[in-house]
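Small disclaimer: the values here were computed from a predicted structure and weren't measured.
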Amino acid sequence: MANYYTDNPALKLHLNHPLMRKIVGLKERDYTDAEKFDYAPVDFEDAMDNYGRVLEIVGELCGTTIAENAEGVDHEGPKVENGRVTYASGTQQNLDACRKAGLMGMAMPRRFGGLNFPITPYIMAADIVSRADTGFENLWGLQDCAETLYEFGSDDQRERFIPRVCAGETMSMDLTEPDAGSDLQSVMLKATEQPDGTWVLNGVKRFITNGDSDIHLVLARSEDGTKDGRGLSMFIYDKRQGGVTVRRIENKMGIKGSPTCELVYKNAKAELCGSRRMGLIKYVMALMNGARLGIAAQSVGVSEIAYREALAYAKDRKQFGKAIIEFPAVAEMLSVMKAKLDASRCLLYETARYVDMYKAYEDIARERSLTPDERKEMKQYNKLADACTPLAKGLTSEYCNQNAYDCIQVHGGSGFMKDYACERVYRDARITSIYEGTTQLQVVAAIRHVFTGTYLQLVEQYAAMPVSDELVAQKQILEGLVGQYKAAVAKVHETNDTAYTDFMARRLVEMAGNIVMGYLLVTDASRNAASEDNEVAAAAAELTRSAKVYVNLARAEVARNAEFVANVQPADMAAYTYAG
């Protein structure tokens with residue numbers, strides 16, 4: 001019986017990172033929950049064992065039910081009738097199975113019916129689910145919206161809504177409109193306060209994932225006469241109240257099991273979440289950062305299935321009297337796919353741990369004042385999470401698309417046929433670099449950390465870590481790449497030209513990402529090389545191989561971008577301006 005957790009020792013390696021001891025201690029408040037809940041852990045080892053057991057349940061459910069339903073869901077898809085969505089039969093089976101297994105509201109506190117998981121093992125579950133069915137991860141993963149309710153809702157709202165999510169009700173975030181895609185400041189859905197203090201919503205939302213969910217977080221314009229983000233607030237809409245209908249489901253290229261809806265709000269009763277005017281400025285930004293980490297996990301899951309499908313086919317397919325994996329051209333493709341997958345996963349879980357640290361301190365701050373040292377540490381991890389989230393979302397989604405492309409290529413003509421899963425994987429992959437902020441928007445979010453030195457500080461931190469003898473040469477290569485990166489950043493910065501900076505931003509961010517992921521591969525492999533756990537040691541050996549491949553890849557990519565920056569001047573930008 002397939003289990004998507006136990007068959008992938010890399011997950012166990014990342015789950016057992018040294019920082020997890022501090023993360024878990026903070027999340028569990030030094031394990032005081034054990035006094036109130038008999039299923040709460042009593043110490044760190046107990047907590048880690050619990051995470052592993054739950055992830056085994058996720059892995060088994062994904063390796064059987066969800067993966068087996070994926071093809072049927074892709075063919076059947078959801079339907080809309082009389083303004084309501086009906087899921088594909090396989091999707092409904094998946095949701096029912098997740099509810100029965102208690103896998104909804106995983107990161108929510110136990111007092112609301114959740115499992116109180118840190119972000120890292122929750123994101124690991126998302127990685128596993130995405131490998132099984134990318135579209136289903138969108139439905140299951142939207143339980144993450146409950147984090148926004150927990151952070152910004154009132155005590156009464158937490159008590160009423162979060163237990164429902166933990167019990168299995170679904171969520172959505174209703175942000176985009178026909179005339180407001182990435183430019184959320186242009187949102188015009190009207191929120192009108194009633195004499196009794198309640199609110200009603202009127203207007204249209206488009207491209208809403210799981211748009212017929214039970215509980216919606218809605219961005220709407222609450223302030224008359226405004227046209228920018230300062231007039232937007234966040235609202236909670238409960239489907240039980242009525243007033244929202246599904247006009248249609250989009251006919252998409254991929255992730256077909258996930259209904260992407262156009263919604264019509266007509267005097268829909270809703271309640272304000274948090275403070276007025278803070279909807280976009282504060283709440284949606286927090287919501288989007290969580291969603292972007294989720295898409296990074298989704299991208300890693302897709303990279304995983306793409307690599308495994310390509311590897312299995314290359315071992316099985318015979319040409320000219322031998323398996324095609326024996327041909328150097330194919331073997332090289334597979335090694336690069338694996339290196340991109342492993343690099344993506346290293347960055348994903350490093351980012352998740354940074355998020356865990358600052359989120360844990362934020363939560364503690366709701367209960368007591370933080371000490372000066374705690375507040376300083378929270379700010380530092382917040383900055384690292386802010387820097388790494390767009391890097392993770394942008395680069396892992398691009399690698400996911402590249403791996404899906406190469407998976408088709410390894411299959412040759414067969415990959416173009418629907419007889420093989422890689423055709424569906426290829427279609428599902430494409431959206432990852434688009435939704436929750438395109439790769440280009442991730443560059444916009446990341447570039448300031450290039451010039452403030454956040455990425456360089458990270459790299460210097462990694463460079464100070466010991467490495468295994470086998471990876472000394474790779475560390476030396478990375479040290480050389482840092483020099484090229486510094487020179488490129490200095491050249492762009494010295495021009496003092498905003499347009500030129502924007503023009504070069506993608507290349508600088510890519511260089512930073514290549515170097516950061518190279519160092520993460522080297523340090524993660526070295527740290528676990530001598531592990532007494534045979535599975536972890538084997539995973540570290542695979543990371544070592546991937547580090548050698550990836551650092552060579554990074555060397556070529558950094559050199560290419562460095563040369564472009566060095567030789568293209570501000571005056572040359574005119575040639576790149578669309579003149580048609």
Side-chain angles (χ1 to χ4, degrees), residues 8-11 13-14 17 123-124 127 130-131 293 295-308 310-311 332-354 387-407 429 432-433 439 442 446 455 458-459 462-463 465 467-468 470-471 473-475 477-478 481-482 485 509-529 539-558 560-561:
N8 191 356
L11 297 172
L13 180 151
H14 288 292
H17 189 279
I123 285 295
M124 198 164 282
D127 177 352
S130 300
R131 173 185 163 190
L293 188 62
I295 301 306
Q298 188 177 61
S299 299
V300 171
V302 175
S303 276
E304 180 76 45
I305 189 63
Y307 169 70
R308 286 177 180 258
L311 179 64
E332 190 262 348
M333 286 178 68
L334 289 163
S335 66
V336 169
M337 290 176 72
K338 184 64 161 62
K340 289 175 179 176
L341 164 62
D342 285 339
S344 296
R345 186 167 274 131
C346 286
L347 179 56
L348 170 67
Y349 292 119
E350 185 80 334
T351 306
R353 289 186 290 268
Y354 293 153
C388 287
T389 296
L391 206 64
K393 199 280 182 183
L395 296 183
T396 63
S397 64
E398 291 294 330
Y399 281 170
C400 150
N401 274 275
Q402 293 165 21
N403 276 1
Y405 178 97
D406 284 344
C407 179
T432 59
S433 58
T439 303
Q442 304 313 307
Y455 297 129
L458 259 184
V459 165
Y462 299 144
M465 295 180 181
V467 300
S468 64
E470 196 171 355
L471 290 172
Q474 280 65 44
K475 183 178 180 181
I477 292 171
L478 289 167
L481 301 188
V482 172
Y485 171 67
V509 170
E510 284 182 2
M511 292 171 77
N514 292 150
I515 295 168
V516 166
M517 287 196 280
Y519 266 111
L520 283 171
L521 278 167
V522 167
T523 54
D524 283 344
S526 298
R527 184 188 303 111
N528 294 282
E542 287 197 10
L543 280 189
T544 298
R545 289 184 60 190
S546 287
K548 294 177 179 179
V549 173
Y550 188 82
V551 170
N552 275 332
L553 179 69
R555 176 163 55 181
E557 289 298 306
V558 169
R560 177 178 62 84
N561 282 321

Peer 1: Can you tell me how far apart CG (Leu391) and CG (Leu348) are? Round to the nearest 0.5 Å.
Peer 2: 12.0 Å

Peer 1: What's the verdict on side-chain contact (heavy atoms from CB on, under 4.5 Å) for Val336 and Lys340, showing C-alpha distance, side-chain angles and the deciding distance?
Peer 2: CA-CA 6 Å; Val336 169; Lys340 289 175 179 176; 3.6 Å; yes

Peer 1: Are His17 and Tyr349 packed together at the side-chain level, in the sense that at least one heavy-atom pair is separated by less than 4.5 angstrom?
Peer 2: no

Peer 1: Are the side chains of Met337 and Leu341 in contact, using a 4.5 Å heavy-atom criterion?
Peer 2: no

Peer 1: Looking only at heavy atoms, what is the nearest atom pair of Thr432 and Cys400, with distance?
Peer 2: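 Heavy atoms of Thr432 and Cys400 come nearest at OG1-SG, 3.6 Å.
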
Peer 1: Between Arg308 and Leu311, is there a side-chain heavy-atom distance shorter than 4.5 Å?
Peer 2: no

Peer 1: Check whether any side-chain heavy atom of Leu334 sits under 4.5 Å from a side-chain heavy atom of Asp406, and report yes or no.
Peer 2: no

Peer 1: Under a 3.5 Å threshold, yes or no: a donor from one side chain and an acceptor from the other, between Tyr462 and Glu350?
Peer 2: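 Per modelled atom types, Tyr462 and Glu350 side chains form a pair under 3.5 Å.
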
Peer 1: Is a side-chain donor or acceptor of Lys475 paired with a backbone partner of Tyr519 at a separation under 3.5 angstrom?
Peer 2: no

Peer 1: Could you measure the distance from the SG atom of Cys407 to the CE atom of Met333? Nearest 0.5 Å is fine.
Peer 2: 9.0 Å

Peer 1: Do the side chains of Thr544 and Gln474 get nearer than 4.5 Å, heavy atoms only?
Peer 2: no

Peer 1: Is there a donor-acceptor contact under 3.5 Å from the side chain of Ser468 to the main chain of Ser526?
Peer 2: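 No.
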
Peer 1: Identify whether the distance between the nearest side-chain nitrogen and carboxylate oxygen of Asp127 and Arg131 falls below 4.0 Å.
Peer 2: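 Looking at Arg131 together with Asp127, the answer is no, because their closest N to O distance does not fall below 4.0 Å.
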
Peer 1: Is there a donor-acceptor contact under 3.5 Å from the side chain of Tyr455 to the main chain of Val509?
Peer 2: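 No, the answer is negative, given that no donor and acceptor are paired below the 3.5 Å cut-off.
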
Peer 1: Just verifying a value: how many Å separate Ile477 CD1 and Ile515 CD1, rounded to the nearest 0.5 Å?
Peer 2: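 Reported value, rounded in 0.5 Å steps: 12.5 Å.
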
Peer 1: Going from CZ on Arg345 to CE on Met517, what distance comes out if it is rounded to the nearest 0.5 angstrom?
Peer 2: 13.5 Å

Peer 1: Quick one, Asn514 and Leu481 - any side-chain contact, counting heavy atoms below 4.5 Å?
Peer 2: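 A side-chain contact is absent here, since even the closest heavy-atom pair is not under 4.5 Å.
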
Peer 1: Would you call Leu471 and Lys548 a side-chain contact if the rule is heavy atoms closer than 4.5 Å?
Peer 2: yes

Peer 1: Does any N or O in the side chain of Asp342 come within less than 3.5 Å of the main-chain N or O of Leu543, such that one atom is a donor and the other an acceptor?
Peer 2: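 No, Asp342 side chain to Leu543 backbone: no donor-acceptor pair under 3.5 Å.
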
Peer 1: What distance separates Met465 CE from Leu520 CG, expressed to the nearest 0.5 Å?
Peer 2: 8.0 Å

Peer 1: With rounding to the nearest 0.5 angstrom, report the CG to OG distance, Asn403 to Ser299.
Peer 2: 10.5 Å

Peer 1: Within the 3.5 Å criterion, strictly below it, is a donor on Asn561 or Glu510 matched to an acceptor on the partner's side chain?
Peer 2: yes

Peer 1: For Ser397 versus Gly394, what's the shortest heavy-atom pair and its separation?
Peer 2: OG-O, 3.0 Å

Peer 1: Measure across Val549 and Ala339 and return the closest heavy-atom pair with its distance rounded to 0.1 Å.
Peer 2: CG1-CB, 3.8 Å

Peer 1: Show the nearest heavy-atom pair for residues Val516 and Leu347, with the distance to one decimal.
Peer 2: CG1-CD1, 4.2 Å

Peer 1: Testing the basics here: between Ala352 and Leu293, what is the closest heavy-atom pair and its distance to 0.1 Å?
Peer 2: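 Looks like CA-CD2, 4.2 Å.
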
Peer 1: Less than 4.5 Å apart, any side-chain heavy atom of Thr351 and any of Lys393?
Peer 2: no

Peer 1: Can you tell me if Lys338 uses its side chain to pair, donor with acceptor, with the backbone of Glu542 under 3.5 Å?
Peer 2: no

Peer 1: With no hydrogens and no angle check, do the side chains of Thr439 and Glu398 hold a donor and an acceptor under 3.5 Å apart?
Peer 2: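 Distance-only check passes for Thr439 and Glu398.
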
Peer 1: Which heavy atom of His14 sits nearest to which heavy atom of Arg353, and what is that distance?
Peer 2: O-NH1, 3.5 Å

